[in-house]
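Read through the structure below, which is laid out as structure tokens, and then see the notes.
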Amino acid sequence: MNNKECIFCGRTGADIKITREHTFSNWINKVLPEAVVGPDITYERSIQKGPQAGTVNTWPASVVADHTIRAVCKDCNNGWMKRWEDAVAPLIEPMIKGQPAQLTVDQQLTIATWAAMKAAVFEYVWSEDTILTAADRDTIRTQDRPPASVQVRLAAVELDGSPLRARGIAYVDNRTGEKIICLTLTIGFLVVQVFGGPGAGTRGLQSSSMPRSDRIRIFPPAMNTVHWPPPIILNDQSLPSFENPLGPLAAPA
């Protein structure tokens with residue numbers, strides 16, 4: 001997909017303005033200002049697979065949520081995408097700050113749909129060879145829900161390091177050759193994970209429908225109100241394992 005085509009609606013042409021979309025939502029800067037995270041904010045990007053594995057790039061930033069990508073049209077950015085940003089912010093802002101929350105079925109769906117939207121955007125940070133399909137992105141845009149292949153779960157974390165963290169891992173199902181994406185966003189105390197793609201329908205997160213003390217499934221939504229945080233809180237040592245649920249299947253970048 002070229003940089004003059006919207007990744008969601010697919011529109012292109014001279015009259016279509018492609019805008020810069022924040023990967024981490026811009027409103028997060030008000031939740032995690034310098035007074036909370038401290039001065040001298042920096043971004044770090046590490047490459048874990050492929051010929052550049054081990055490469056770490058660091059650069060200064062004025063705010064924590066500074067990174068943007070030119071990938072969506074003005075109508076999508078200022079329309080349905082803004083609607084989801086406005087809907088999710090009051091739900092997860094307390095969780096980002098570490099405050100307990102209760103999520104109804106509708107609220108679970110709101111967070112899950114927003115997370116799927118962000119996953120579709122984040123894929124373009126790492127590669128234009130995306131795993132979520134055009135049909136998946138259109139489902140998010142037009143049906144107000146994540147694609148059917150997607151599962152979303154929440155956790156909580158006590159980090160000594162970065163207040164914002166995004167880790168994307170690609171898997172290849174060794175039975176079908178189909179790919180799966182797992183994107184984990186850490187925002188303050190909140191961890192949001194999106195797992196999906198063509199291969200996810202055949203494999204899935206095997207334990208996602210089973211009670212776990214360190215995670216909460218919100219899509220497919222629980223048919224009752226769920227409570228966050230879960231009993232067990234992740235930390236710097238346990239977070240990497242959570243981020244890589246199908247470890248041995250991780251595909252080279």
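Computed from heavy atoms alone, side chains included, the values below leave out hydrogens, waters and symmetry copies.
- Between Arg141 and Asp138, at least one side-chain N (NZ, or NE/NH1/NH2) sits under 4.0 Å from a carboxylate O, which counts as a salt bridge.
- Judged by the 6.0 Å and 45° rule, Arg167 forms no cation-pi pair with Phe122.
- Between Phe195 atom CZ and Ser149 atom OG the span is 9.0 Å, to the nearest 0.5 Å.
- Atom CG of Leu103 is separated from atom OG1 of Thr225 by 8.0 Å, given to the nearest 0.5 angstrom.
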Can you list the steps and then say if Ile216 with Trp228 is a side chain to side chain contact (heavy atoms under 4.5 Å, CB included)?
-> CA-CA 8 Å; Ile216 300 166; Trp228 184 96; 4.0 Å; yes
Kindly indicate, with the supporting measurements, whether the criterion side chain to side chain contact (heavy atoms under 4.5 Å, CB included) is fulfilled by Arg215 and Leu154.
-> CA-CA 6 Å; Arg215 65 202 64 181; Leu154 305 179; over 6 Å; no
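- No side-chain donor from either of Thr68 and His22 sits under 3.5 Å from a side-chain acceptor of the other.
- Using a 4.0 Å cut-off between charged nitrogen and carboxylate oxygen, Asp236 and Arg165 do not count as a salt-bridge pair.
- Between Lys17 and Asp75, no side-chain nitrogen of the basic residue sits less than 4.0 Å from a carboxylate oxygen of the acidic one, so the salt-bridge criterion is not met.
- Note that the OG1 atom of Thr113 and the NZ atom of Lys118 stand 14.0 Å from one another [nearest 0.5 Å].
- Here CG of Leu234 is found 9.0 Å from CD of Glu243. Values are rounded to the nearest 0.5 Å.
- A perpendicular orientation is assigned to the rings of Trp80 and Phe8, their planes being inclined by more than 60° (bins at 30° and 60°).
- Taking CG from Leu164 and CD1 from Ile187, the interatomic distance works out to 6.5 Å, rounded to the nearest 0.5 Å.
- Checked by atom type and distance alone, the side chain of Thr186 never pairs as donor or acceptor with a backbone atom of Val191 at under 3.5 Å.
- A search for side-chain contact (heavy atoms from CB on, under 4.5 Å) contacts involving Ala89 returns Trp27, not counting sequence neighbours.
- A salt bridge is defined here as a Lys NZ or Arg NE, NH1 or NH2 lying under 4.0 Å from an Asp or Glu carboxylate O, and Glu21 with Lys74 fails to meet this definition.
- No side-chain donor-acceptor contact under 3.5 Å links Gln108 to the backbone of Phe219.
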Begin from the C-alpha positions of Thr130 and Tyr124 and carry the test side chain to side chain contact (heavy atoms under 4.5 Å, CB included) through to its verdict.
-> CA-CA 7 Å; Thr130 60; Tyr124 281 83; 3.5 Å; yes
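- In this structure, the side chain of Glu123 engages the main chain of Ile131 through a donor-acceptor pair within 3.5 Å.
- Although no hydrogens or angles enter the test, the distance criterion places a donor-acceptor pair under 3.5 Å between the side chain of Thr12 and the main chain of Lys4.
- Side-chain contact check for Asp136 and Thr133: at least one donor-acceptor pair (N or O, by modelled atom type) lies under 3.5 Å.
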Run the side chain to side chain contact (heavy atoms under 4.5 Å, CB included) check on Arg11 and Glu5 step by step: do they pass?
-> CA-CA 6 Å; Arg11 293 190 304 160; Glu5 180 180 342; over 6 Å; no
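- Gln193 and Thr184 share a side-chain donor-acceptor pair at under 3.5 Å.
- In terms of modelled atom types and a separation under 3.5 Å, the side chain of Arg137 and the main chain of Ile140 share no donor-acceptor contact.
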